[in-house]
Structures are given as structure tokens and as C-alpha cells.
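Report on the following structure.
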Amino acid sequence: MIGRSLGGRGRVPPTCRQARLRRVQRPRTGRRGWLVLVLAWLALQASAALAWGVLGHRVVAERAWEQMTPSARAAAHRLLALEPGATLASVANWADENRDDTTRPWHFVNLPIGDCSYDAPRDCPQGQCLVVALERQLALLASDAPDVQRLLALKYVVHLVGDLHQPLHAGHLEDRGGNRYQVQAFGNGTNLHALWDSALLQQRNQGVQALVGVLRAQPLPAQARVLDPAHAAQESCRIVDAPGFYPPHTLPDDYADRFGALLQRQLALAAARLAGWLNRVLAQ
């Protein structure tokens, strides 16, 4: 799939697995140590597969809630009450946790290298891409559909707006949104997509509320008033195409510093636009 870290492996036939087990006769402590390593690797892959990571999506939702109008918050709260205890932040990663073959293309859009102008017939075949998915979910949330369906749409909107502002979710098909561009970063082997999804944010070593405070303290980006999914996708694509965005395969020491302000701006922009969209569609 495109737009998130590559995962999954072909299933090994039982006979092959049995043969491998027969060849690897380790002491009990060795097997336990190997299991720990495998579980740690799987955990790393799982976290790298989430756009902006769990942390980033929650930050966007928390900051957006602060910028919503009282009437929009009341409407959202009424929908969230269908799942007791749910908040805008707690459902922000639902779309990643429940993705399937049908919804997987909703999380990204691929634009050509050197041409960040969104062309729906070319870039969103059969309407299966992030831009159209967000447009559909916004329309459903604004409709008079049953509240159960509108709650589902709210969950998608909260998540997809975050995806739209992670630059590599509007990256290029050639390297599968940075998934095929390998880098050594912070002492680990990873890829550019996972670096932007999680690693750069995690390097700040801040929790949700601390990061929300950082976003709260900075001026609202002027372009936050432009509530158009295609426009936001084109912005993200231009970031990907900008000089220096693709680092050498060994990450330079100053990369996180140079792009830290940009990452922060994208999170703030995502939060402001999410609030703007929800203020618009929930006020109807």
C-alpha cells in the first residue's frame, strides 16, 4: 500500500516453519530473548505505520477541540456520547486501527514528481484517495444521516485531516510516499515516511499536552482559513518536492532542527483546519 510504512509478510507454509524450528534448537533463555526482540521489532513497525503516529493525531485533535465553536463542540459531544467516554482525541486514531482493503487508499494521494497540481482523474482513480475520502466524510457529517453514521464520519474526518498534513501522505508513487526511501536516523534503520510519521515527533520527547501548548503559543498560519482538501494536498506535495526534504541516507545531525518548525507548522495547520471544517459542517 502507499502512504504508510510497508508491512506484512507472506505466510510461511507449515512444513517450512517446522523445518526452521528444527534447525534453531536454542536454550529456553535464548528463545525468550529472541521473542523479546521480535516483539520489540513488531511494536516499532506498528508505531511507524501510523500517520503522525498516535501522538501526532491526538495532538491535532486536542488542539482542534480548543479552536472549535461552542455549538460545534456541543454537536460533536452529542455524537461522541454514542460511545461513552469518547473524546475527539480518543477517536483520532480509530481510522488507522480499523482500516481494511476498502479504506486503505483513503489515507493518501499520490501526485507526480515536479507537478503538485491535483488532477482528480489522474491522481484519484475511482475516487479512491485521501482528497475525495475526506470530501465524502465531510459531506456525510454535514448531512441528516443517522447519528451512528455521522459519528463514523467524524472519526474519519478527525484522522484524515491529520493525514492530509503529513507531507508524505501527498507524496509520490515512485517511492510509495517515502516508504521505499531508506534512512539511518537516531541510531536506527527506518524509512523517510516513518521518520515523518513518528520519529521526528518522538525525538521532541514531549507528551500530548506539552505539544498542544507549543501549538497554542504560535501564531495561526494564515492559510488555515483555506478549507479545501485538494489545496492542502498540493501544499503537502510541495513540501515533499522542496530542496532538502529528502535527506542523505544517513540523516544529517541538523535535519530535525531544520524541519522541526515545518513539522510544528503542519500540526498547527492540521488542527486549525480540522476545527474550521468541524465548525462549518457541525453548525448546519
Side-chain angles (χ1 to χ4, degrees), residues 1-9 41-60 92-93 95-97 99 101 103-114 116 118 123-124 128-131 133-134 159-204 229 232-252 255-256 258-267 269-270:
M1 60 136 298
I2 310 166
R4 62 179 285 189
S5 299
L6 299 179
R9 297 289 187 269
W41 182 86
L42 289 173
L44 177 62
Q45 298 306 306
S47 65
L50 303 176
W52 283 130
V54 173
L55 175 62
H57 278 292
R58 289 187 67 97
V59 167
V60 168
N93 289 283
D96 262 340
E97 295 161 357
R99 70 170 64 190
D101 289 342
T103 63
R104 192 167 287 115
W106 297 5
H107 295 256
F108 60 91
V109 58
N110 292 125
L111 302 177
I113 296 174
C116 287
Y118 172 73
D123 305 324
C124 196
Q128 293 297 299
C129 75
L130 174 54
V131 171
L134 179 54
H159 185 85
L160 296 179
V161 172
D163 281 356
L164 189 61
H165 292 82
Q166 202 278 49
L168 285 158
H169 280 255
H172 306 308
L173 178 64
E174 286 77 4
D175 67 356
R176 300 176 73 87
N179 277 295
R180 288 181 172 171
Y181 191 88
Q182 301 301 307
V183 293
Q184 282 289 131
F186 313 124
N188 295 298
T190 184
N191 62 64
L192 188 61
H193 191 102
L195 181 72
W196 273 85
D197 268 359
S198 301
L200 287 177
L201 196 57
Q202 290 168 353
Q203 282 298 114
R204 299 173 67 99
Q234 291 173 156
E235 287 178 340
S236 287
C237 175
R238 286 193 287 271
I239 292 171
V240 172
D241 276 357
F245 182 85
Y246 274 77
H249 291 288
T250 297
L251 196 72
Y255 187 88
R258 284 192 293 122
F259 285 94
L262 175 60
L263 179 147
Q264 189 171 296
R265 189 197 71 179
Q266 288 301 105
L267 289 170
L269 194 54

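All heavy atoms count here, side chains included; hydrogens, waters and symmetry mates do not. Quick caveat: nothing in here was measured; it's all calculated off a predicted structure.
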Checklist entry - So do Leu130 and Pro229 actually touch side chain to side chain, heavy atoms under 4.5 Å? => result no
Next on the checklist: Suppose the criterion is side chain to side chain donor-acceptor pair (under 3.5 Å): which pairs have a residue in residues 242-252, not counting sequence neighbours?
Outcome noted: Asp175-Tyr246
Item to check | Heavy-atom pair of closest approach, residues Asp123 and Cys129 | outcome: O-CB, 4.1 Å
Checklist entry - To the nearest 0.5 Å, how far apart are CG in Leu168 and CG in Asn179? => result 8.5 Å
Checklist entry - When you look at Ser236 and Gln266, which way does the side chain to side chain contact (heavy atoms under 4.5 Å, CB included) test go after all the steps? => result CA-CA 9 Å; Ser236 287; Gln266 288 301 105; 3.9 Å; yes
Checklist entry - Are the side chain of His159 and the backbone of Ala92 linked by a donor-acceptor contact shorter than 3.5 Å? => result yes
Checklist entry - Does the side chain of Asn93 come under 3.5 Å of the side chain of His57 through a donor N or O and an acceptor N or O? => result no
Item to check | CG-NE2 distance between Asp163 and His169, expressed to the nearest 0.5 angstrom | outcome: 4.5 Å
Item to check | Check against side chain to side chain contact (heavy atoms under 4.5 Å, CB included), Gln166 and Asp197 | outcome: CA-CA 7 Å; Gln166 202 278 49; Asp197 268 359; 2.6 Å; yes
Checklist entry - What is the distance from atom CZ of Phe259 to atom CD1 of Ile239, rounded to the nearest 0.5 Å? => result 9.5 Å
Item to check | Residues Tyr118, Cys237; criterion side chain to side chain contact (heavy atoms under 4.5 Å, CB included); working and verdict | outcome: CA-CA 9 Å; Tyr118 172 73; Cys237 175; over 6 Å; no
Item to check | Gap separating the CG atom of Leu269 from the CG atom of Leu262, nearest 0.5 angstrom | outcome: 10.0 Å
Checklist entry - Where do Arg176 and Asn110 land on the side chain to side chain contact (heavy atoms under 4.5 Å, CB included) test, with the steps shown first? => result CA-CA 8 Å; Arg176 300 176 73 87; Asn110 292 125; over 6 Å; no
Checklist entry - What pair of heavy atoms forms the shortest contact from Ala233 to Ala170, and how long is it? => result O-CB, 3.4 Å
Item to check | With Arg238 via salt bridge (charged side-chain N to carboxylate O under 4.0 Å, His left out) - residues at least two apart | outcome: none
Checklist entry - Ignoring hydrogens and geometry, is there a side-chain-to-backbone donor-acceptor pair from Tyr181 to His193 under 3.5 Å? => result no
Item to check | Closest non-hydrogen atom pair, Gly244 against Tyr255 | outcome: O-CE1, 3.5 Å
Checklist entry - Going from OG1 on Thr190 to CD on Gln184, what distance comes out if it is rounded to the nearest 0.5 angstrom? => result 9.0 Å
Item to check | Polar side chain donor-acceptor pair, Gln128 to Trp106, under 3.5 angstrom | outcome: yes
Next on the checklist: Between His107 (side chain only) and Leu160 (backbone N and O only), is there a donor and an acceptor less than 3.5 Å apart?
Outcome noted: no
Item to check | For Leu195 against Ala185, the heavy-atom pair lying closest together | outcome: CD1-CB, 3.8 Å
Checklist outcome for this item: Interatomic distance, CG@Leu251 vs CG@Asn188, rounded to 0.5 Å, equals 11.5 Å
Next on the checklist: I need the minimum non-hydrogen distance between Leu192 and Pro247, along with the two atoms involved.
Outcome noted: CD1-CD, 3.6 Å
Checklist entry - Tell me, do Leu201 and Leu263 make a side-chain contact under 4.5 Å, heavy atoms counted? => result yes
Checklist entry - Does a side-chain heavy-atom distance below 4.5 Å link Asp241 with Phe245? => result no
Next on the checklist: Check whether His165 reaches the backbone of Ala232 with its side chain - one donor and one acceptor, N or O, closer than 3.5 Å.
Outcome noted: no
